[in-house]
Amino acid sequence: MKPAHRIPRLALTASLGCLALLATACGGDGGTSEASEGKPVTLTMWSWMVGTEEVVEKFNATHEDIKVEYTEITAGTDGYSKIDSAIKGGNAPDVVGMEYAMLPEFASQGNLEDLTEHSGKLVTSFPENLQSLVTPGGRTWGVPFDVTPQLLYYRTDLFEKAGVEVPGTWAEFEKAAEKIKAADKGARILNIPKGGDIPFINGLAWQAGSQGFGVQGDAWTVAVDDEPARKVARFWDGLVRDDLVLNHPAWSEEESTAKKKDQVAAFIGAPWSGAGLISQTPEQKGKWAVAPLPTWDGTPATGTWGGTSFAVPKGSDHIEGAAEFIEWLTTDPAAMKARLADAEAPSSVLPAAPGLQKVAAAEFARAADGYFANDLYQVAAGQVDTVVGGWTWGPVQGSVNEAFESAVPEGGWEAGFAAAQRAALKALDDRGLKTVG
């Protein structure tokens, strides 16, 4: 599954005074509760996620008071623009998939209902380091679905050929990169994108302790270009300069070909990457394994890449029913089994609800049929508690991403982070939002 990378800049649709920090509840009045009055509720849901149609069918077959009508939309910019337009037109669905990186942008513009009353308690049952991803400004705007710690996928045969051990630190990773290049002049340890994959790059900065955005009093703080981010940039810019990694564009044909032709010995991914690898390189079955991401000082730590919540767009008349459906989507084993039932299209999603991780692992093991040399889910689940706290996605992520991508071709990641910092401050000012620092 490929996450959506381009985050659109959406038109401001609500009072800036009310939504300056998302700390004031600017959602609806709680919606109607037709189900509690004995009347059937029909919800509409939009999502791009594989398996959602099967999930909705399962829900409808097992629930009488609430029925769900599902529409598939595209991921990324087109999908979010469709949601945004529907909200403006007053015909938005009741439930949408919403990536963590997008949620503050939608919430800060008054495009989401405040779910604090209906789902706030539920969200506190999820891992603490995930709760902040759906509660910007201290209010609940969505419910986590999956958790996406960054992981190191590696070719066991290519590592063995080069005499390389799985690196535990980034210093060891650099040494491993040198050995792999020495063993095969046409191979590198991995491909690091030139840009265009900002959630991936942000995950590495997150691991190093970067904060992204934050709140201080009644103002936003912007730390996109803080010292941890610059440290990450210097490291990867250096590996590119020293020709120790490939530098193809993200998601490109060149990147895919390098995997198939044994020209890369590893890649940095997330739990969902496992399913994509099976589809992309079925002939490499048994040759791939997964490990925790190398760290800066040997202390277990990681950031995330991608990840989705479920939210209720502004204007829903069925907030209570939508919240009930979302709770089932994110916590019920039947929902997870339905989503992963297709053995021909395996999913390696790692549920945010710990109680569902064994369910997902069992379904994936059946479909993967020994593709990996070790247990992807065991490794991935073990990294959830190591996701570094403190990271906050900002309400102007689209501007940040565009600025980063524009600067990277000429100046590398260091220039990208510096440009992104300037763009974030300007975008916040353009919206009339306060900043400090």
Side-chain angles (χ1 to χ4, degrees), residues 1-3 47-59 61-62 97 126-127 130 144-160 166 256 259-260 264-293 300 302 304-308 328-387:
M1 182 175 107
K2 174 181 172 180
S47 176
W48 63 87
M49 297 175 65
V50 174
T52 302
E53 184 175 0
E54 289 79 2
V55 171
V56 169
E57 288 176 356
K58 182 66 174 180
F59 182 86
T62 55
F126 288 84
L130 301 183
F145 169 66
D146 66 335
V147 55
T148 55
Q150 287 187 311
L151 308 166
L152 181 69
Y153 289 78
Y154 66 97
R155 285 277 299 271
T156 56
D157 57 334
L158 298 183
F159 268 42
E160 182 178 355
V166 178
S256 177
K259 279 182 189 169
K260 293 178 180 179
V264 292
F267 70 91
I268 297 169
W272 49 261
S273 305
L277 186 62
I278 293 173
S279 300
Q280 186 181 53
T281 57
E283 71 280 2
Q284 294 175 1
K285 180 178 179 179
K287 296 181 178 180
W288 285 95
V290 63
L293 198 67
T302 191
T304 75
W305 181 15
T308 300
W328 184 86
L329 281 175
T330 56
T331 63
D332 197 296
M336 186 55 58
K337 288 181 179 179
R339 185 176 295 280
L340 305 181
D342 187 353
E344 295 183 1
S347 170
S348 52
V349 63
L350 180 65
L356 295 188
Q357 289 175 5
K358 287 185 177 180
V359 175
E363 293 296 319
F364 178 72
R366 173 181 58 82
D369 189 28
Y371 183 90
F372 288 97
N374 62 349
D375 190 332
L376 166 60
Y377 270 82
Q378 183 179 37
V379 176
Q383 303 314 299
V384 174
D385 288 341
T386 75
V387 173

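Along the sequence shown, the residues carry numbers beginning at 1.
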Nearest non-hydrogen partners of A335 and V55, listed with the distance: O-CG2, 3.6 Å
Student check: side-chain heavy atoms of P149 and L350 closer than 4.5 Å: yes
Gap separating the NZ atom of K58 from the CD atom of E53, nearest 0.5 angstrom: 15.5 Å
With N374 via side chain to side chain donor-acceptor pair (under 3.5 Å) - residues at least two apart: none
Polar side-chain atom of T156 near backbone of K287 as donor-acceptor pair, under 3.5 Å: yes
Which atom of A373 lies closest to which atom of G286, heavy atoms considered: CB-O, 4.0 Å
Rounded distance (nearest 0.5 Å) linking atom CG of L277 with atom OG of S348: 9.0 Å
Whether F372 and Y153 hold their rings parallel, tilted or perpendicular, with breakpoints at 30° and 60°: tilted
Least distance between heavy atoms, M336 atom then P351 atom: CE-CG, 3.5 Å
Non-hydrogen side-chain atoms of T308 and V349 separated by less than 4.5 Å: no
W288 to A266 - nearest heavy-atom pair and separation: CZ3-CA, 4.2 Å
Beyond-backbone contact of E283 with K260, side-chain heavy atoms, under 4.5 angstrom: yes
Contact check, side chains of P127 and P354, non-hydrogen atoms, under 4.5 Å: yes
Note, L152 side chain near P292 side chain (heavy atom, < 4.5 Å): no
Between CG on residue L293 and CH2 on residue W305, distance to nearest 0.5 Å: 11.5 Å
F59 and W328 aromatic ring geometry - parallel, tilted or perpendicular at 30°/60° bounds: perpendicular
Side-chain heavy-atom pair Y371, T281 within 4.5 angstrom cut-off: yes
Inter-residue atom distance D385.CG - L130.CG, 0.5 Å rounding: 9.0 Å
Pairwise side-chain contact, L151 with P271, heavy-atom cut-off 4.5 Å (strictly under): yes
Main-chain N/O of K259 paired with Q280 side-chain donor or acceptor, under 3.5 Å: no
Residue list, side chain to side chain donor-acceptor pair (under 3.5 Å) with K285, at least two apart or on another chain: D369
T148 side-chain N/O to G306 backbone N/O, donor-acceptor pair under 3.5 Å: yes
T62 OG1 to D332 CG distance, which is reported to the nearest 0.5 Å: 7.5 Å
Minimum heavy-atom distance between T331 and F126, given as atom pair plus value: CG2-CZ, 4.2 Å
Under 3.5 Å donor-acceptor, T302 side chain and T386 backbone: no
Minimum heavy-atom distance S273-F267, with the two atoms named: CB-CE1, 4.0 Å
Any E363 side-chain heavy atom under 4.5 Å of R339 side chain: no
